[in-house]
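To find a chain, count down the sequence lines: A is the first, B the second, and so on, and within it residues start at 1.
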2 protein chains.
Amino acid sequence: MSDAVLWSALADPHRRAIVALLLERPRSVGEIVQACRLSQPSTSKHLRVLRDAGLVRVRQDAQRRVYALDPAPMAALDAWLAPYRRLWNESLDALGRRLDAVPEDTEEPPPQAQKD
Amino acid sequence: MSDAVLWSALADPHRRAIVALLLERPRSVGEIVQACRLSQPSTSKHLRVLRDAGLVRVRQDAQRRVYALDPAPMAALDAWLAPYRRLWNESLDALGRRLDAVPEDTEEPPPQAQKD
DNA sequence: GGTGTGTATGCCTTGACTGGAATATAACCG
DNA sequence: CGGTTATATTCCAGTCAAGGCATACACACC
């Protein structure tokens, strides 16, 4: 199994939202449904994808199922990213040197104020 | 603009392959076509997606267009990943402790021999 | 200007993925 | 056992993205 499953699992914004929720703490399906404003079936399906990708694990608590993050696949992502890290470190260094060499008033505004 | 574009751009395995190619060195479209075993139009379309996501930049060289990696968006990915890093570090620590506490012969085989 | 190479775009078809509604399954409770 | 809550699954329709093919565009060379 490649990490193709991982990527396609994380490609969906709702699933990334779920993963982010589970980063705080494990949650039952009901909690996730409320937090994500999704229907229950849809949520269950997303959780299935995440489970199949190995990103989350389930614990049964009476009728509830509590989902928790499994950090291992994230490490795989990090490993994938590693070769690129060297690259952008070089770029940042170059940027830094350029900023140092410039008169002034060329400070960057706070970078990414992105929202997903 | 969110990093939704980034994720969907990298969700495709062919595009990840292209990005990996460009990590080695910038390449013309023709080179990418050959390396990826894709049709030229398909490759061009993938490159468009990557360009729109800010992952690559183009330089024109006569009739050729040479694509190069832009590392900045990868940093965004790294930022996204950062909160999780703490998590799996904890897990690895726990694993390490468990391994230390175990008799022996429980060494892990080399982890992920994954292929994408 | 005409031809050839290199690359991008448009159109179309097909397959995959998503969400909703209804339904099935499972566990608790009286 | 019947009812209720919590979650999973199935079915279906709508959407979107990918690939192939044909074609348009851009540049070079004669």
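Considering only side-chain N and O atoms, S39(B) lies under 4.0 angstrom from the phosphate OP1 or OP2 of dG20(D).
By the salt bridge (Lys or Arg N to Asp or Glu O under 4.0 Å) test, D78(A) pairs with R85(A), R85(B), sequence neighbours left out. Under the salt bridge (Lys or Arg N to Asp or Glu O under 4.0 Å) criterion, R25(A) pairs with E31(A), not counting sequence neighbours. Listed by chain and residue number, nothing satisfies the salt bridge (Lys or Arg N to Asp or Glu O under 4.0 Å) test with R51(B) (two or more places apart in sequence, or in another chain).
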Sub-3.5 Å pairs of nitrogen or oxygen atoms, protein against nucleotides 8-13 of chain C:
| unit_1 | atom_1 | unit_2 | atom_2 | d |
| --- | --- | --- | --- | --- |
| dA8(C) | OP1 | Y67(B) | OH | 2.5 |
| dA8(C) | OP2 | S44(B) | OG | 2.6 |
| dA8(C) | N7 | Q40(B) | NE2 | 2.6 |
| dA8(C) | N6 | Q40(B) | OE1 | 3.2 |
| dT9(C) | OP2 | R48(B) | NE | 3.4 |
| dG10(C) | O6 | K45(B) | NZ | 3.2 |

I'd like a table of atom pairs between the protein and nucleotides 28-30 of chain D - only N or O on both sides, under 3.5 Å - with the distance next to each one.
| unit_1 | atom_1 | unit_2 | atom_2 | d |
| --- | --- | --- | --- | --- |
| dA28(D) | O4' | Q63(B) | NE2 | 2.8 |

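Between the NE2 atom of H46(A) and the P atom of dT7(D) there is a distance of 16 Å, rounded to whole Å. Look at CZ on R16(A): it is 12 Å from P on dT18(C), rounded to the nearest Å. Per the geometry, CZ belonging to R64(A) stands 13 Å off P belonging to dA8(D), to the nearest Å. Between the P atom of dT25(C) and the CD atom of Q60(A) lies a distance of 16 Å, rounded to the nearest Å. In this entry the distance linking CZ of R27(A) with C1' of dT7(D) reads 18 Å, nearest Å.
Not a single donor-acceptor pair under 3.5 Å links the side chain of S42(A) to the backbone N or O of L38(A).
Using a cutoff of 4.0 Å between basic side-chain nitrogens and carboxylate oxygens, R16(A) and D12(A) are not scored as salt-bridged.
Sorted by first and then second residue, the salt bridge (charged side-chain N to carboxylate O under 4.0 Å, His left out) pairs involving residues 59-70 of chain B (not counting sequence neighbours) form an empty list.
Side-chain contact check for V58(B) versus L47(B): every heavy-atom pair is 4.5 Å or farther apart.
Backbone-only contact: S28(A) has heavy atoms under 4.0 Å from sugar-phosphate atoms and none from a base.
Using cut-offs of 30° and 60° for the angle between ring planes, the W7(A) and W7(B) rings count as tilted.
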